[in-house]
Amino acid sequence: MNNPLTAEHVAQFRDQGWTCLPGLFDDREVAALQAEVARFQGEGLVRNVRTDNDGETHSEKEINFQLIPLFDKSDLMRALPFDPRVVNGISALIGDPFLLHLDQMFLKPAKQGTGTAWHQDNAYFKISDPLRGTAMWVAIHDAHVGNGTLQLLPGSHRHSFPHERDPYSDHHITFTPPDDAEPISVEVKAGGAAFFCYGTAHCTGDNPSDKSRAGVAFHFLHGDYAHDDLVAPDRNTRPFVTGPEAQGGIAEYGIAVGDSFGTEVERTLTAANRA
């Protein structure tokens, strides 16, 4: 299935600013993704961005692990945005040409994992049409209300909310939703994905459960909105995935990764079994 998103998914995205697709990745692919997340943590690549209400002092009791970027630390994560299911789905949502704008992971450890506060991605990126950029948030483990899954404000992409520094993070910004806001929780099994445009307000909750939960987010941006003041500082690490400038990663990574996701899944599982 080269394009898993239906016309109904696309219509929901354009009207409400988000859509969700269960089962984007199969059990074997999920196992590989989980193995990579475990490796990131085991090798000490993640860092706690949670602070003690001052934006600077890192908490020793509450943890919000983040890793950014991913492409230079994992061949599997580097290949994932080029998988045909992802390429065709993103193309349907934001149009061509598009590039990989950002990739990152958040890990909320059991019992002490804390969420990421309400924000709009476009408060950082400031593109003129927030529907021309989207996050693809992939659940690495089952995500539900009990472990602080993703929450969204449908339709919020039509509004721009004033943000301020989040005192509980060393670099994030946040805003307080209006009193009449009606957030929804997106519960999705491991391997499912939520897509939300750059203007859709979202957050994640704390994880009081007895199992860790992680999500990886790949942000994609239509080429017409990839202005120099937004992507120029490290444009050579932001590959075009579609369009005339797309080279399957050769120009940016020095290697073709366009058809390698399946191969990297097997390599990752083999390495994990040997460890």
Hydrophobic cluster (4.5 angstrom, side-chain heavy atoms) - remaining members for Leu102: Ile68, Leu99, Tyr124, Phe125, Ile127, Ile173, Tyr198, Leu221, Tyr225, Leu230, Val231, Phe240
Do Ser260 and Phe82 have side-chain heavy atoms sitting under 4.5 Å apart? no
Side-chain donor or acceptor of Asn273 paired with backbone N/O of Thr270 under 3.5 Å: no
Side chains of Ile250 and Ile255, heavy atoms from C-beta outward: is any pair under 4.5 Å? no
With rounding to the nearest 0.5 Å, note down the distance linking OG1 in Thr51 to NE2 in His172. 10.5 Å
Please, which pairs that meet side chain to side chain donor-acceptor pair (under 3.5 Å) have at least one residue in residues 30-45, sequence neighbours excluded? Glu36-Arg39, Glu36-Ser74, Arg39-Glu43
With side-chain contact (heavy atoms from CB on, under 4.5 Å) as the criterion, how do Phe220 and Val86 come out once you've worked through the C-alpha distance, each side chain's angles and the decisive distance to 0.1 Å? CA-CA 10 Å; Phe220 300 94; Val86 175; 3.9 Å; yes
Please determine whether a side-chain nitrogen of the Lys or Arg among Asp166 and Arg50 lies less than 4.0 Å from a carboxylate oxygen of the Asp or Glu. no
Keeping the roles fixed (side chain from Ser160, backbone from Ala123), state whether a donor-acceptor pair exists under 3.5 Å. no
Indicate, with yes or no, if Phe218 and Leu150 share a hydrophobic cluster defined by side-chain heavy-atom contacts under 4.5 Å among Ile, Leu, Val, Met, Phe, Trp and Tyr. no
Check for me, please, whether Val49 and Phe40 land in the same ILVMFWY cluster - side-chain distances under 4.5 Å, paths through other members count. no
What verdict does the side-chain contact (heavy atoms from CB on, under 4.5 Å) test give for Thr114 and Tyr168, after you've listed the backbone C-alpha separation in whole Å, the side-chain angles of each residue and the deciding distance to 0.1 Å? CA-CA 10 Å; Thr114 62; Tyr168 293 100; over 6 Å; no
Nearest non-hydrogen partners of Asn207 and Asn147, listed with the distance: OD1-CB, 3.2 Å
Are more than 12 heavy atoms from other residues, nucleotides or ligands located less than 6.0 Å from atom CG of Asp259? no
When you measure from the side chain of His219 to the backbone N and O of Leu100, does any donor-acceptor pair fall under 3.5 Å? no
Under a 3.5 Å distance rule, please check whether Thr200 uses its side chain to pair with a backbone N or O of Gly17 as donor and acceptor. yes
Quick one: do Val216 and Phe25 end up in the same hydrophobic cluster if we chain Ile, Leu, Val, Met, Phe, Trp and Tyr together by side-chain heavy atoms under 4.5 Å apart? yes
Linking directly or through intermediates, with side-chain heavy atoms under 4.5 Å: list the remaining ILVMFWY members grouped with Trp118, chain and number order. Leu153, Phe161, Phe175
Considering all heavy atoms, the nearest Gly199-Gln120 contact: O-NE2, 2.8 Å
Smallest separation among heavy atoms of Ile140 and Gly215, with atom names: CG1-CA, 4.1 Å
Main-chain N/O of Lys61 paired to Gln112 side chain as donor or acceptor, under 3.5 Å: yes
Below 4.5 Å, heavy atoms only, C-beta onward: do Met105 and Lys73 meet side chain to side chain? no
Under 4.5 Å between side-chain heavy atoms, counting indirect links through other Ile/Leu/Val/Met/Phe/Trp/Tyr residues: same cluster for Phe106 and Leu80 or not? no
Return a table of donor-acceptor pairs under 3.5 angstrom between the side chains of residues 177-185 and protein atoms on other chains or two or more places apart.
none

Does the pair Asp170 and Arg47 meet the rule for a side-chain contact (heavy atoms from CB on, under 4.5 Å), with working shown? CA-CA 11 Å; Asp170 64 11; Arg47 72 180 190 89; 2.5 Å; yes
Is a side-chain N or O of His119 found less than 3.5 angstrom from the main chain of Ala117, in a donor-acceptor match? yes
Minimum-distance pair of heavy atoms, taken over all atoms of Ser212 and Leu107: CB-CD1, 4.2 Å
Hey, what do you get for CZ (Arg165) to NE2 (His163), rounding to the nearest 0.5 Å? 12.5 Å
Exercise answer: donor-acceptor pairs, residues 128-139 side-chain atoms, under 3.5 Å, sequence neighbours excluded:
| from | atom 1 | to | atom 2 | distance (Å) |
| --- | --- | --- | --- | --- |
| Asp129 | OD1 | Leu131 | N | 3.1 |
| Arg132 | NH1 | Ile94 | O | 2.7 |
| Thr134 | OG1 | Phe196 | O | 3.2 |

Calculate, to the nearest 0.5 Å, the distance between atoms CZ and CZ belonging to Phe261 and Arg78 respectively. 13.0 Å
Could you measure the distance from the CD1 atom of Ile63 to the NZ atom of Lys108? Nearest 0.5 Å is fine. 12.0 Å
Val188 reachable from Val30 in the ILVMFWY side-chain graph, under 4.5 Å edges: no
For the pair Asn88 (side chain) and Pro84 (backbone), establish whether a donor and an acceptor sit closer than 3.5 Å, ignoring hydrogens and angles. yes
Given salt bridge (charged side-chain N to carboxylate O under 4.0 Å, His left out), test Arg213 with Asp206 step by step and report yes or no. CA-CA 10 Å; Arg213 180 186 65 78; Asp206 296 344; over 6 Å; no
Taking all non-hydrogen atoms of both residues into account, name the closest pair between Ser156 and Ala201 and its distance. OG-N, 2.8 Å
Compare every heavy atom of Leu24 with every heavy atom of Pro4, then report the nearest pair and how far apart it is. CG-CD1, 3.7 Å
Ignoring hydrogens and angles, tell me if any N or O in the side chain of Asn236 forms a donor-acceptor pair with the backbone of Glu252 under 3.5 Å. no
Under the 3.5 angstrom rule, does the side chain of Thr19 hit a backbone N or O of Phe195 as a donor-acceptor pair? no
Below 4.5 Å, heavy atoms only, C-beta onward: do Leu152 and His202 meet side chain to side chain? yes
Point-to-point distance, once rounded to the nearest 0.5 Å, from OG1 of Thr268 to CG of Leu33: 8.0 Å
Flag if over 12 foreign heavy atoms under 6.0 Å of CG, Asn53: yes
May I ask you to decide whether Asp26 forms a salt bridge with Arg28, counting only side-chain N to carboxylate O separations under 4.0 Å? no
Do Thr204 and Thr149 pass the side-chain contact (heavy atoms from CB on, under 4.5 Å) test, and can you show the C-alpha distance, the side-chain angles, and the key distance before you say yes or no? CA-CA 6 Å; Thr204 56; Thr149 191; over 6 Å; no
Heavy-atom distance under 4.5 Å between the side chains of Asp210 and Lys111, does that happen here? yes
Classify the side-chain pair Thr116/Asn64 by whether it contains a donor and acceptor separated by less than 3.5 Å. yes
Just by distance, do the side chain of Glu264 and the backbone of Val257 share a donor-acceptor pair under 3.5 Å? no
Under the criterion side chain to side chain contact (heavy atoms under 4.5 Å, CB included), which of Asp96, Thr242, Asn3 is the partner of Val87? Thr242
What is the distance from atom OG of Ser209 to atom NE2 of His141, rounded to the nearest 0.5 Å? 10.5 Å
Applying ring pair (Phe, Tyr, Trp, His ring centres under 6.0 Å), name anything that partners Tyr253, two or more places apart in sequence or on another chain. Phe71
